[in-house]
Amino acid sequence: MTALLEAKGLEIHFGGVVAASDVNLQIHEGKNLAIIGPNGAGKTTFLNICTGYLKPSAGQVFFNGKGITRKSPREITRLGVARAFQIPQLFGEHTALENLLIAAAARERRWAPFTRLGQIPERAEMMHLLEMVNCVHVADRPVEELPEGQRKLIDIAVALALKPKLLFMDEPTSGVASSEKFAVLDIVAKALTESKVTSVFVEHDMGIVERFADEVAVWNRGEVLHRGMPDDILSHADVVRDVIGEEI
Amino acid sequence: MTFMSLVPRLAIPLLLIAVALLPFLAPWSKVMLTLALAKGLAVLGIVVLLHAGQVSFGHALFFAVAAYSAAFLGQAFGGGELVSMVLIGVASAVVVGLLVGLFVVRYRYIFFGMLNLAFSMIVFSVLEKFYHYTGGSDGLQVARPLVLGIEMERPAFESLLFYGGLVIAVIVAWAVHRYFDSPIGHMLKTIKTNETRLEYLGVSARRVLLVGYLVSAALCGLGGVLMAVAQGIVTPEYAWWIRSGELVFIAILGGAGSVSGAFVGALVYEVVRTYASAFAGDVWQMILGFFLLGIILYAPRGLIGVYGSFMGRIGSNTASGKEAKRRAMEAAE
Ligand SMILES: Nc1ncnc2c1ncn2[C@@H]1O[C@H](COP(=O)(O)OP(=O)(O)O)[C@@H](O)[C@H]1O
Ligand SMILES: [Mg+2]
């Protein structure tokens with residue numbers, strides 16, 4: 001198995017808070033890796049470092065064997081890494097469909113000044129993505145008017161619109177109605193498998209982890225404590241105490 | 001389709017026809033309207049940046065750069081030629097826009113606004129101090145240029161400026177409208193709402209803003225050249241910060257972010273300014289001040305917004321009231 005992304009010896013702290021302490025992690029191509037751990041463990045920080053938003057004080061990140069530690073989020077995105085955020089990052093004044101169309105235009109580099117955003121060739125593809133996350137009925141609503149759950153789903157769709165090789169999802173199901181969680185992630189997971197996208201998702205719902213993760217990494221206080229198969233990890237005594245015990 | 005629901009769509013064509021006919025009824029209005037057009041073009045430049053949530057307090061800089069380039073060209077060739085003046089003027093505004101833009105697009109909000117102000121003040125001083133080249137505070141005369149090699153009498157030239165300006169304004173307004181609706185135009189708007197996501201789409205927010213900045217510099221330049229040939233003189237006052245403030249003022253007055261608002265605002269502003277200064281002498285700025293206060297407090301979407309909600313209110317008596325209002329707002333943009 002080759003590592004699509006590899007983190008080596010990452011260190012970062014904010015004042016006295018250690019958010020990453022010797023973090024080493026390989027992300028294997030074609031797998032879904034779940035990251036679990038209590039709040040403040042440094043999960044989001046890890047995503048921030050891997051996508052270039054934060055620079056670690058020590059350590060390196062490699063994507064496809066290439067160093068990306070000092071690259072900007074924009075450059076890393078261009079290499080094929082997309083991200084859905086814990087707090088959805090969308091264009092509030094634009095409609096759900098327009099948010100996706102802008103992503104598609106960015107992917108295809110449609111800079112010509114007289115093409116209309118609403119008429120780019122990727123429109124049907126983007127409608128399909130909206131359908132996938134159950135948001136077609138709000139396609140023409142400004143996203144700032146939509147509830148958090150729908151915005152999270154659209155945020156995932158925006159990341160998928162880039163057709164990434166690697167997708168980071170930060171708590172994709174928090175805020176999403178529990179009746180919808182499984183159905184939507186089922187579809188997202190299917191799309192990821194079909195288009196051979198590797199994914200890393202931070203998750204608090206162990207039901208979701210069991211169902212969708214191929215591997216699990218457990219975070220605590222800026223460290224990766226365990227890594228392994230979901231069944232093994234979730235029955236591990238420490239994990240039950242530190243993560244599951246606290247969360248559920 | 002009811003008559004009322006047609007009105008919003010017809011508003012802009014009707015207004016255009018009214019403006020185009022006005023000089024026949026009142027010949028003296030031609031120059032005033034030409035100046036309003038010139039300012040409207042420059043205000044459109046401000047509107048472009050407002051789409052990105054940025055306000056420049058120094059855009060008169062590009063107005064002046066283009067106007068002085070046209071004036072230099074005219075002096076160098078004993079009068080010069082109008083079309084080349086426009087092209088050279090706009091081109092110089094774009095070149096200076098690139099130099100300034102590469103620097104200022106790294107900043108946002110108050111820093112962006114103030115850096116633009118700083119650059120415009122530098123240019124203002126240069127225009128004042130280098131008397132031998134710029135005529136200092138007296139400025140430079142701009143003789144009536146040839147038009148494609150043809151010499152024109154003053155009335156004919158004024159008509160040409162006005163109607164030519166009107167046609168150019170319509171084309172430019174359409175082009176800016178299309179730019180706003182293009183992917184890169186929508187990306188410009190996302191600089192205001194979520195630059196982080198834009199970068200996470202692999203797009204350089206700075207580059208997107210730079211394109212908008214060049215468009216806005218070109219528009220201000222176009223307005224500057226038109227103003228220079230219409231007035232027959234350029235002075236450092238063209239680059240003065242009060243002029244920059246005036247452009248922002250008109251943009252807010254007309255309806256921040258609205259293409260047609262730029263021209264409606266400029267028209268109303270010129271009319272109020274002309275009459276208020278004729279009848280109210282020293283206090284006309286005060287009148288304008290209260291006017292702006294009223295707009296900001298009671299109609300933050302500007303004159304175009306007032307019009308939109310007015311049409312909406314009339315329309316709400318009909319079956320498709322909401323629809324009419326939405327269309328009125330769309331037509332207004
Ligand atoms: N940019 C930042 N500045 C200061 N402190 C931060 C920053 N980002 C994260 N932290 C701190 O680092 C710790 C880890 O945060 P985070 O990675 O968001 O945790 P998690 O996503 O696992 O809940 C927290 O204590 C948080 O307050
Ligand atoms: Mg987090």
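Below, chains carry the letters A, B, ... as their sequence lines are ordered, and counting in each starts from 1. It should be emphasised that the depicted structure is a prediction, and the values quoted were computed from it without experimental measurement.
Chain B forms the most heavy-atom pairs under 4.5 Å with one residue out of A/A112, A/A105, A/P113, A/A104, and that residue is A/P113. In terms of heavy-atom pairs under 4.5 Å with chain B, the best-connected choice from A/I120, A/I102, A/I76 is A/I102.
The contact between A/L162 and chain B is made entirely by side chain atoms (from C-beta outward), counting heavy-atom distances below 4.5 Å. Interface remark: B/T196 contributes side-chain atoms only to the contact with chain A (heavy atom separation under 4.5 Å). Contacts between A/A82 and chain B at a heavy-atom distance below 4.5 Å are absent for every atom of the residue. A/D155 touches chain B through backbone and side chain together, each having a heavy atom under 4.5 Å away. In this structure, no portion of B/A205 lies under 4.5 Å from any heavy atom of chain A. At a 4.5 Å heavy-atom cutoff, the contact between A/L90 and chain B is made by backbone atoms alone.
For the salt bridge (Lys or Arg N to Asp or Glu O under 4.0 Å) condition, the pairs that include at least one residue of residues 89-104 of chain A, sequence neighbours left out, are A/E93-B/K192. Sorted by first and then second residue, the salt bridge (Lys or Arg N to Asp or Glu O under 4.0 Å) pairs involving residues 101-113 of chain A (not counting sequence neighbours) are A/R107-A/E125, A/R110-A/E122.
A/L101 is not listed as a side-chain neighbour of B/P183, based on a closest heavy-atom distance of 4.5 Å or more.
Applying the side-chain hydrogen bond (donor to acceptor under 3.5 Å, both in side chains) test to A/R83 and every residue at least two apart in sequence or in another chain returns A/N48, A/T51, B/Y200.
Within 6.0 Å of OH on B/Y163 lie more than 12 heavy atoms contributed by other residues, nucleotides or ligands. The number of heavy-atom neighbours closer than 6.0 Å to NZ of A/K190, taken from other residues, nucleotides and ligands shown, is 12 or below. Surrounding CZ of B/R178 are more than 12 heavy atoms belonging to other residues, nucleotides or ligands, all under 6.0 Å away. Around CD1 of A/I87, the count of heavy atoms belonging to other residues, nucleotides or ligands within 6.0 Å does not exceed 12. Few gaps surround NE2 on A/H137; more than 12 heavy atoms of other groups in view lie less than 6.0 Å from it. Under a cut-off of 6.0 angstrom, the local environment of OH in A/Y53 is sparse, with at most 12 non-hydrogen atoms contributed by other residues, nucleotides or ligands.
For the side-chain contact (heavy atoms from CB on, under 4.5 Å) criterion with A/F91, the lone passing option out of B/K189, B/R197, B/H186 is B/R197.
For the atom pair CZ of A/R78 and OG of B/S204, the computed distance is 10.5 Å after rounding to the nearest 0.5 Å. Atoms CD and CD, from B/E199 and A/Q89 in turn, are 12.5 Å apart once rounded to the nearest 0.5 Å.
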(request) Please test A/W111 against B/V203 for side chain to side chain contact (heavy atoms under 4.5 Å, CB included), starting from the C-alpha separation and ending with a verdict. (result) CA-CA 11 Å; A/W111 306 140; B/V203 177; 3.9 Å; yes
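Side chain of A/R116 to main chain of B/D181: no donor-acceptor pair is present (N/O by atom type, distance under 3.5 Å, no hydrogens or angles).
Taking 4.5 Å as the heavy-atom cut-off, none of the residues of residues 209-222 of chain B approach chain A.
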